[in-house]
4 protein chains.
Amino acid sequence: MAGNSFGRIFRITTWGESHGTALGVVIDGCPPRIPLAPEDIQLDLDRRRPGRQFTSPRGEPDRVEILSGLFQGVTTGTPISLIIYNKDVRSRDYDEISLVYRPGHADRTYEQKYGIRDWRGGGRSSARETAARVAAGAVARKFLHSRGISVRGYTVALGGVHCKEKNLDEIDRNPFFCPDPEAARAMERRMTELREAGDSAGGIVEVCACGCPPGLGEPVFDKLDARLAGALMSIGAVKGVEIGKGFASADMTGSEHNDPVTASGYAGNNAGGILGGLSTGMEIVVRAAVKPIPSIAIAQQTVNRHGEPATIRIKGRHDISAIPRIVPVCEAMVLLVLADFMLHPFPPGFPRNPGAAVRSV
Amino acid sequence: MAGNSFGRIFRITTWGESHGTALGVVIDGCPPRIPLAPEDIQLDLDRRRPGRQFTSPRGEPDRVEILSGLFQGVTTGTPISLIIYNKDVRSRDYDEISLVYRPGHADRTYEQKYGIRDWRGGGRSSARETAARVAAGAVARKFLHSRGISVRGYTVALGGVHCKEKNLDEIDRNPFFCPDPEAARAMERRMTELREAGDSAGGIVEVCACGCPPGLGEPVFDKLDARLAGALMSIGAVKGVEIGKGFASADMTGSEHNDPVTASGYAGNNAGGILGGLSTGMEIVVRAAVKPIPSIAIAQQTVNRHGEPATIRIKGRHDISAIPRIVPVCEAMVLLVLADFMLHPFPPGFPRNPGAAVRSV
Amino acid sequence: MAGNSFGRIFRITTWGESHGTALGVVIDGCPPRIPLAPEDIQLDLDRRRPGRQFTSPRGEPDRVEILSGLFQGVTTGTPISLIIYNKDVRSRDYDEISLVYRPGHADRTYEQKYGIRDWRGGGRSSARETAARVAAGAVARKFLHSRGISVRGYTVALGGVHCKEKNLDEIDRNPFFCPDPEAARAMERRMTELREAGDSAGGIVEVCACGCPPGLGEPVFDKLDARLAGALMSIGAVKGVEIGKGFASADMTGSEHNDPVTASGYAGNNAGGILGGLSTGMEIVVRAAVKPIPSIAIAQQTVNRHGEPATIRIKGRHDISAIPRIVPVCEAMVLLVLADFMLHPFPPGFPRNPGAAVRSV
Amino acid sequence: MAGNSFGRIFRITTWGESHGTALGVVIDGCPPRIPLAPEDIQLDLDRRRPGRQFTSPRGEPDRVEILSGLFQGVTTGTPISLIIYNKDVRSRDYDEISLVYRPGHADRTYEQKYGIRDWRGGGRSSARETAARVAAGAVARKFLHSRGISVRGYTVALGGVHCKEKNLDEIDRNPFFCPDPEAARAMERRMTELREAGDSAGGIVEVCACGCPPGLGEPVFDKLDARLAGALMSIGAVKGVEIGKGFASADMTGSEHNDPVTASGYAGNNAGGILGGLSTGMEIVVRAAVKPIPSIAIAQQTVNRHGEPATIRIKGRHDISAIPRIVPVCEAMVLLVLADFMLHPFPPGFPRNPGAAVRSV
């Protein structure tokens with residue numbers, strides 16, 4: 001209810017504040033006998049880590065430990081508890097913001113809801129919370145990998161620069177997880193510009209999932225796209241989500257938008273791999289609009305806790321954009337949704353091993 | 001799990017197929033002592049009803065009956081069961097589609113998931129299912145009204161025509177729930193064109209909620225925006241959702257996007273009334289991208305149940321666009337999310353009557 | 001949250017009051033392609049029906065209708081909505097009790113919780129609510145039958161008479177579902193006595209489930225026995241639940257209580273078919289203590305709604321004991337728990353068809 | 001779904017194995033601004049700790065750390081993560097049992113469910129898991145204390161010795177939490193006897209809750225007694241649960257069992273403080289039957305993992321009875337149920353601060 005859990009069957013519960021002792025996640029419902037080691041998780045955590053160019057220089061080492069749920073190198077079906085101790089905690093950077101509300105942040109809404117807020121680095125509302133999502137997503141990835149499903153995210157827009165081409169081989173060759181090398185260079189210039197101006201940028205992340213059997217999802221309120229939308233929108237910086245053609249669908253006609261049905265699948269994927277809330281067996285394609293980082297060095301109007309006008313210039317070590325660090329977070333949310341649905345009951349008679357489910361009709 | 005329920009505290013469960021005996025909804029968790037009569041619900045159902053211009057001429061009367069949960073004209077806190085008997089059921093219109101899969105519909109994905117599908121009018125996957133949502137939303141509206149919250153939806157784009165102005169007084173003066181009279185006229189021309197072409201159109205619906213206290217929502221996975229996104233994306237035709245500036249945020253800088261904080265609220269509402277997943281007390285603004293109706297008279301390529309190529313031209317009585325009938329459905333989903341969060345536990349010490357919650361800081 | 005739903009995957013939601021228009025249940029999550037007809041459900045409803053000897057002479061016909069979820073005689077995987085219209089509704093019998101609180105009933109606690117109560121026949125708190133449970137249980141029975149699981153309940157004590165033998169063939173040969181014919185005769189004498197005295201009786205119901213594969217249940221909070229205990233205790237009249245040796249275990253030693261392990265199962269079943277919250281593959285045995293019907297003709301002390309002392313003698317048509325009508329209700333709750341767990345995810349590699357799961361090790 | 005979470009609003013998720021690195025619990029939904037310190041939790045943990053007379057001499061120090069959810073000494077409304085590192089882990093004691101199944105334990109059922117088991121000390125099925133419940137219960141106790149509710153457990157039977165009197169002042173004056181000093185002495189003699197025989201004993205624990213407002217609980221499937229029954233039965237050793245008169249009700253008549261209603265409450269508490277699933281405002285009284293510890297030094301028949309007959313004598317450091325250590329565990333489960341229901345939505349108009357709810361009518 002308090003909303004720190006996600007998923008029904010593959011279910012995670014995250015905890016921890018930006019400047020507390022540690023943060024972590026408990027994964028309940030991971031199938032047994034999946035090989036798992038800390039390195040599997042560290043890999044994804046490192047992709048989210050700050051310290052890259054254009055990201056905050058804070059030295060968060062983000063070392064994950066597995067505290068339970070493993071025996072002899074494989075999962076046992078019992079809860080997997082992961083912990084990441086906070087190391088580089090300088091809450092004095094944040095003393096000033098204990099008195100005023102930062103525009104674009106949750107400072108005042110938390111205080112209005114709870115009558116108290118942990119102002120050290122945003123406390124629970126800090127993006128640091130997403131490290132636990134990425135850790136859990138890495139476990140989901142291991143499970144999905146055993147079922148032939150892979151998930152990949154990348155940046156399709158940043159600071160007003162939109163990708164023109166989509167070459168997934170380029171993703172790891174630039175600091176933005178950008179599949180278009182020319183766009184990546186323009187993004188870099190734009191980021192340098194904004195850093196000098198003390199401003200920040202938004203962008204768009206796309207996530208693709210391959211290998212999903214048809215029929216994943218539940219057809220009414222728990223449609224696969226509904227769960228993906230909720231999952232991505234639950235990331236602090238995300239303000240929009242679309243599937244397949246998304247908002248562009250609004251301007252299309254039916255004859256343009258419908259993907260013709262073929263024996264082996266569909267001749268086109270405007271649907272983004274989902275029809276009637278159920279996966280079609282085609283690639284699942286989802287995009288998230290990321291708002292600009294609200295912490296900027298430029299002066300902003302606000303009020304203090306007494307309601308008196310104040311000016312704030314956010315110092316401290318901040319990213320210029322949630323991109324690229326948000327890319328593995330978006331991936332994690334998609335992984336978690338898919339892992340959960342892969343464990344939903346399939347009807348009897350249906351191939352019982354969902355990984356082997358019919359892909360052709 | 002099977003996903004026919006929505007909400008946690010104000011929780012609904014819908015049932016029924018397009019061409020079955022009836023459809024309905026059970027509302028569990030509605031507070032007691034809310035005045036309620038069938039007319040309250042009928043009002044919203046009538047706004048969703050076909051038979052208006054540009055919508056299907058099927059004579060669905062959609063008469064709702066309240067079967068339980070009322071005593072002496074008020075709710076009792078026990079489940080409210082609503083039923084709408086299906087009247088105009090001609091399943092012979094659909095016999096042909098029992099053999100082939102309609103492009104853009106869930107015909108094949110249902111069959112892949114369940115090994116069976118009720119092909120009469122789409123069965124459970126029919127948009128007729130949304131009548132139950134609208135009925136439940138009307139009950140949520142009564143409850144929210146008692147707390148000072150109102151919700152209103154309207155069309156901001158249809159068939160490629162986008163609204164330039166937003167005058168809510170215009171909404172009920174045209175068949176599209178469109179707040180821009182000039183755009184409404186252009187939409188009408190476009191619809192006539194498409195009807196003649198046997199094609200269909202998509203569009204964009206915007207929903208606004210006024211009067212929400214700050215602090216509604218849960219800050220991590222059950223953010224108010226996450227739940228709204230999931231709610232709207234669970235409507236069959238919706239392919240994208242955005243909050244506040246939404247996808248436009250991606251191209252903005254932090255200094256443009258942040259809403260300055262004032263003593264009484266915020267000077268701007270780019271955030272769409274939500275920060276950190278919690279309502280700010282400003283108007284909540286959310287938009288849904290609606291894909292074109294997939295049932296078109298134009299010939300389309302598909303396959304039959306044996307995987308053999310087939311051509312299909314959808315006859316029968318179909319809408320040209322899910323708009324305007326989807327507008328009250330979008331409203332309903334927003335109403336249901338807000339009603340649910342209004343009953344979430346607020347911390348002790350916080351004003352206990354959420355309706356009276358602090359609006360100013 | 002408001003608690004009118006039960007189960008996670010095979011999930012039911014019940015609604016309706018004793019003297020409302022109708023009562024019913026929505027079953028969400030029933031697997032597709034299970035043959036189902038109204039008669040399957042009517043059979044169990046008739047076993048719960050009043051009109052038998054020692055039960056209330058009210059003429060509730062309890063005709064069930066299936067409103068959704070079926071196509072061509074089998075379930076489709078979509079919600080199954082069942083409705084039973086109330087026929088013999090004489091609320092004037094209850095007018096008097098609108099003013100005073102009946103001892104042993106929920107009259108005052110409802111009013112304290114909701115600030116309103118439907119006093120017609122107890123409203124939602126009436127045992128009539130259990131008809132919906134029995135209807136849903138009958139659907140669960142059909143599903144479980146397809147997996148080789150059968151569930152049977154019977155009376156082991158009534159009005160102070162306890163069974164000495166347990167011959168299941170006797171169950172349908174007496175009006176109490178009693179497996180001991182001699183005890184049944186003593187029960188009959190006791191019931192006649194109590195009817196003359198205007199008093200009522202309690203008893204004990206036992207339910208057995210055969211054919212469950214080992215490993216059903218979840219090992220910590222959702223142990224199979226925990227769910228069974230919650231399920232049975234959710235029946236209004238039940239005040240105690242025990243598994244296997246139950247309360248007698250408390251006086252046993254470990255060497256007496258432990259069931260020796262054998263290659264094919266266990267040499268003994270003190271555990272009642274459950275170890276560590278998981279089914280062992282042996283017969284599951286659970287008992288429920290049923291309190292005497294609180295509505296008695298003998299004068300009782302109470303207060304009216306103004307807190308003034310009052311005397312009440314309950315007239316109207318009431319049973320002398322919840323037994324035997326509660327027997328199919330207890331069965332239904334066990335059926336619902338088992339159906340739910342049979343659809344829980346089993347680990348990959350485990351036989352995917354739970355019905356075929358390993359019984360021997 | 002995998003069942004390591006408990007509660008809806010005050011919701012806990014436990015994790016950890018007997019011989020893993022650590023065990024812990026995440027509490028989600030605890031209200032903000034409740035003062036909390038590790039000592040509050042340690043107090044209850046120490047009551048559950050082994051090392052007392054008649055309990056296992058294992059030196060588990062059970063030091064709890066609070067990793068999140070606190071700021072300046074009070075809860076913030078965000079998840080509270082508690083961890084207890086395992087110190088005295090000698091898994092070599094358990095090597096032998098990796099090969100055979102211990103009678104009365106979950107060894108084989110786990111292996112049947114998961115295809116793998118962590119045989120070190122029972123892994124997740126060990127009673128050590130309950131330390132996390134007690135830690136979470138201590139936090140619930142702090143919250144409930146702020147609302148005027150107190151919960152106390154004690155032993156009413158052990159090894160066949162049943163209490164005759166109930167003097168709660170005696171509870172802490174003997175090693176069994178027994179309210180009858182004479183019974184306590186007989187229990188001590190019985191325990192010595194059984195220790196010498198290498199056998200073990202069961203017993204009965206009673207838990208009382210004072211100060212609950214009327215109306216706690218939800219009236220159909222989530223009755224207060226249903227949730228209490230499920231909660232207590234989820235403790236590994238518990239085989240029976242009863243409320244108020246419990247199984248004795250079965251032999252009573254309605255005129256004996258009904259508690260007369262008075263202006264200020266009820267003249268009697270046979271109902272155990274619950275009517276129609278809702279608290280009456282009287283003391284809530286619940287009892288749990290505890291089976292004898294299955295680990296005994298006496299030789300038992302079993303089979304090994306290959307299904308071959310084997311004899312087992314359990315060595316290692318084991319308790320003679322789950323009592324008294326299970327007493328705080330039973331308390332914890334009652335505390336968790338009550339904390340959860342205290343945060344359930346109360347209807348509008350009802351006193352909004354549940355702690356101040358009407359106790360008199």
Side-chain angles (χ1 to χ4, degrees), chain C residues 2-4 6 101 103-104 106 109 112-115 125 157 160 199-200 202-204 214-215 218 220-223 225-226 229-230 233-234 239-243 246-247 249-255 257-258 260-261 263 275-276 278 289 291-294 296 298 301-303 307 347 349 361, chain D residues 2-4 6 101 103-104 106 109 112-115 125 157 160 199-200 202-204 214-215 218 220-223 225-226 229-230 233-234 239-243 246-247 249-255 257-258 260-261 263 275-276 278 289 291-294 296 298 301-303 307 347 349 361:
Chain C
N4 295 285
F6 184 82
Y101 302 119
T109 53
Q112 286 168 321
K113 184 175 187 69
Y114 297 114
S125 73
D199 214 338
S200 65
I204 300 175
E218 299 291 344
V220 179
F221 296 112
D222 287 342
K223 287 186 165 76
D225 33 356
M233 196 72 99
S234 80
K239 299 299 280 183
V241 181
E242 54 181 15
I243 311 286
F247 274 87
S249 310
D251 290 341
M252 295 169 82
T253 62
S255 58
H257 190 272
N258 286 349
V261 185
L275 277 177
L278 306 177
K291 74 173 188 177
I293 289 268
I296 54 176
I298 295 171
Q301 272 316 110
T302 185
V303 298
V361 282
Chain D
N4 295 285
F6 184 82
Y101 302 119
T109 52
Q112 285 169 321
K113 184 176 187 69
Y114 297 114
S125 74
D199 214 337
S200 66
I204 300 175
E218 299 292 343
V220 180
F221 296 112
D222 287 341
K223 287 186 165 76
D225 33 356
M233 198 71 99
S234 81
K239 298 300 281 185
V241 181
E242 55 181 13
I243 311 287
F247 274 86
S249 311
D251 290 342
M252 295 170 80
T253 62
S255 58
H257 190 272
N258 286 348
V261 185
L275 278 176
L278 306 176
K291 75 172 187 179
I293 290 268
I296 54 176
I298 295 172
Q301 271 316 110
T302 185
V303 297
V361 282

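Proteins come first, then strands; the chains are lettered A, B, ... in the order of their sequence lines, and each starts at number 1. No hydrogens, no waters, no symmetry mates; every other heavy atom, side chains included, goes into these values.
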| Picking from D/L275, D/N4, D/D222, which has the most non-hydrogen pairs under 4.5 angstrom with chain C? | D/L275

| With C/T302 via side-chain contact (heavy atoms from CB on, under 4.5 Å) - residues at least two apart | C/V100, C/Y101, C/P103, C/A310, C/I312, D/V261

| task | Check the pair C/M233 / D/I243 against side chain to side chain contact (heavy atoms under 4.5 Å, CB included), numbers first and verdict last. | result | CA-CA 9 Å; C/M233 196 72 99; D/I243 311 287; 3.5 Å; yes

| remark: The interface call for C/D199 against chain D, heavy-atom contacts under 4.5 Å, is side chain

| note | Okay, C/K239 and chain D: the region with an atom under 4.5 Å from a heavy atom over there is both

| request: Measure the CD1-OG distance between D/I296 and D/S200 for me, rounded to the nearest 0.5 Å. | output: 6.0 Å

| message | Using only atom types and a distance under 3.5 Å, with no angle test, would you say the side chain of D/Q112 pairs donor to acceptor with the backbone of C/G215? | response | no

| field | Shortest non-hydrogen separation from D/E242 to C/F247 and the atoms involved | value | CG-CZ, 3.4 Å

| query | Can you tell which of C/I293, C/D251, C/V241 has the highest number of heavy-atom pairs within less than 4.5 Å of chain D? | reply | C/V241

| request: Select one option (side chain, backbone, both, neither) describing which atoms of C/I298 are under 4.5 Å from chain D's heavy atoms. | output: side chain

| request: Please answer whether the main-chain N or O of D/S234 pairs with a side-chain N or O of C/K223 as donor and acceptor at a distance below 3.5 Å. | output: yes

| Which of the residues D/A250, D/G276, D/A289 is involved in the greatest number of heavy-atom pairs with chain C at under 4.5 angstrom? | D/A250

| request: Report the option among C/I204, C/D225, C/L278 that has the most heavy-atom pairs separated by less than 4.5 Å from atoms of chain D. | output: C/L278

| query | Heavy atoms, side chains only, cut-off 4.5 Å: are C/K113 and D/E218 in contact? | reply | yes

| Do you know which of C/P294, C/A157, C/A106, C/S125 has the most heavy-atom pairs under 4.5 Å to chain D? | C/P294

| said: Only pairs of heavy atoms separated by less than 4.5 Å count here; which of D/G104, D/G246, D/G254 has the most with chain C? | reply: D/G254

